[in-house]
2 protein chains.
Amino acid sequence: MELSRRLSSRGYRRTRQRDAVFDVLAENAGRPMKAEEVLVLAKEKAPGIGIATVYRALELFVELGVAQQVHLHERSQHYEVDTGHHHHYMVCVSCGSREQLDACTMDKLEDVIKDETDFLVTSHCLGLWGYCSSCLPGKA
Amino acid sequence: MELSRRLSSRGYRRTRQRDAVFDVLAENAGRPMKAEEVLVLAKEKAPGIGIATVYRALELFVELGVAQQVHLHERSQHYEVDTGHHHHYMVCVSCGSREQLDACTMDKLEDVIKDETDFLVTSHCLGLWGYCSSCLPGKA
DNA sequence: TAAGATATTGATAATGATTCTCAACAAGGG
DNA sequence: CCCTTGTTGAGAATCATTATCAATATCTTA
């Protein structure tokens with residue numbers, strides 16, 4: 001498996017727990033998950049796994065580039081597998097639903113920044129809030 | 001004062017503590033501040049003020065539209081007075097310095113979303129990370 | 001395959017930020 | 001000046017996340 005190679009090539013070990021966490025993320029691709037959610041599902045694959053291990057695995061996966069942190073500006077961070085295609089989310093302030101936004105104009109913006117400033121952009125995060133189609137009518 | 005009117009028109013009262021918190025933000029316009037930082041400076045103006053009151057004032061100011069929350073994706077939230085001109089930050093991953101980014105292409109992006117989806121965007125947040133000019137050479 | 005060096009884990013304590021609780025207090029209209 | 005009601009401060013409570021540390025699991029080497 002790809003994960004296995006990435007781990008060993010950096011001196012990390014493949015464990016039952018890491019496999020479990022990764023599989024949970026993979027089975028929920030495209031859905032940002034909290035550590036606590038991952039824990040519940042990972043327990044089915046690796047009984048006894050603790051929350052600390054989940055946090056450690058998530059952090060490691062981000063470092064390895066197989067997962068990414070999604071900032072939804074909630075109390076807790078969210079994580080999802082890195083499928084390679086960059087996207088952002090539109091969050092409904094009414095019902096909390098999230099829609100993926102595939103169009104990414106960041107590349108354009110980064111070019112402008114490259115031309116006009118001395119700052120080298122290596123990553124970015126875009127969040128959009130508003131009302132989804134279901135909540136629009138009432139806007140309650 | 002403007003703040004005074006905004007408060008009373010909504011049934012809120014003007015207090016020594018709220019004035020202190022607002023003044024601190026105003027004196028640090030353009031610099032996102034943590035609640036704890038605000039507390040230290042506000043104590044000079046309103047001795048005895050507690051952290052809970054600072055949080056309450058900040059939350060209220062955002063609601064009134066005189067301050068805005070700045071998501072820097074750090075452990076704690078940051079706040080700054082709403083000067084009316086929209087901007088974002090470029091954060092140096094090396095030294096942590098922050099530069100304001102005045103160019104905002106979000107309006108353009110929001111138009112695209114309006115045309116292509118059923119989502120009504122009411123607010124957004126853009127964060128950029130990378131290396132500032134001072135850290136670029138070494139990139140350490 | 002057994003052994004050993006060391007990476008990893010789980011339980012739990014600790015931390016940091018933020019919110020809640022509630023009795024004492026203060027603002028401002030009448 | 002009084003009274004109603006919004007506010008405050010102190011500290012407890014909560015939530016997410018990180019640190020600690022002894023027990024355990026991995027993987028490499030002999």
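Here is the naming used below: chain letters follow the sequence lines, and residue numbers restart at 1 for every chain.
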Note to self: For B/Phe22 and B/Phe61, take the angle between the two ring planes, folded into 0 to 90°, and tell me which bin it lands in: parallel under 30, tilted 30 to 60, perpendicular over 60.
What the structure shows: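 Perpendicular, since the angle between the ring planes exceeds 60°.
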Does [X] contact [N] through a side-chain donor or acceptor facing the base, at a distance under 3.5 Å?
| X | N | value |
| --- | --- | --- |
| B/Arg18 | D/dG6 | no |
| A/Arg13 | C/dT6 | yes |
| B/Arg14 | D/dG6 | no |

Measure the distance from [atom1] on [X] to [atom2] on [N] and round it to the nearest whole Å.
| X | N | atom1 | atom2 | answer |
| --- | --- | --- | --- | --- |
| B/Tyr12 | D/dT8 | OH | P | 12 Å |
| B/Leu58 | D/dT7 | CG | P | 15 Å |
| B/Leu39 | D/dG11 | CG | C1' | 15 Å |
| B/His73 | D/dA16 | NE2 | P | 18 Å |
| A/Phe22 | C/dT8 | CZ | C1' | 19 Å |
| B/Arg56 | D/dG11 | CZ | C1' | 12 Å |
| A/Lys43 | C/dT9 | NZ | P | 15 Å |
| A/Arg10 | D/dC27 | CZ | P | 17 Å |

Next item on the list: Tell me which nucleotide among C/dT18, C/dA11, D/dT17 gets nearest to the side chain of A/Tyr55.
Entry: D/dT17
Check: Of the nucleotides D/dT8, C/dA11, D/dC15, which has the atom closest to the A/Arg75 side chain?
Finding: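 In terms of side-chain proximity for A/Arg75, the closest of D/dT8, C/dA11, D/dC15 is D/dC15.
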Item checked: Exceeds 12 heavy-atom contacts within 6.0 angstrom, atom NZ of A/Lys45 -> yes
Notebook entry, point to check: Between B/Glu37 and B/Tyr79, is any side-chain donor less than 3.5 angstrom from a side-chain acceptor?
Noted result: no
Next item on the list: With DNA chain C as reference, determine whether A/Ile49 or B/Ala35 sits nearer its 5' end, using the nearest nucleotide of each.
Entry: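 Mapping each residue to its closest nucleotide by heavy atoms, the 5'-most match is A/Ile49.
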Next item on the list: Tell me which of B/Leu60 and A/Gln17 sits closer to the 5' end of DNA chain D, going by the nucleotide each one is nearest to.
Entry: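 In this pair, the answer is B/Leu60.
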Notebook entry, point to check: Mapping A/Arg16 and B/Ile51 to their closest nucleotides on DNA chain D, which lands nearer the 5' end?
Noted result: B/Ile51
Margin query: So, OP1 or OP2 of C/dT9: does either fall under 4.0 Å of a side-chain N or O from A/Thr15?
Written below: yes
Margin query: Base, sugar-phosphate or nothing for A/Glu36? Non-hydrogen atoms, less than 4.0 Å.
Written below: nothing
Margin query: How close do A/Gln77 and A/Val70 get, counting heavy atoms only, and between which atoms?
Written below: OE1-O, 4.1 Å
Next item on the list: Would you confirm whether the ring centroid of A/His71 sits within less than 6.0 angstrom of the ring centroid of A/His78?
Entry: no
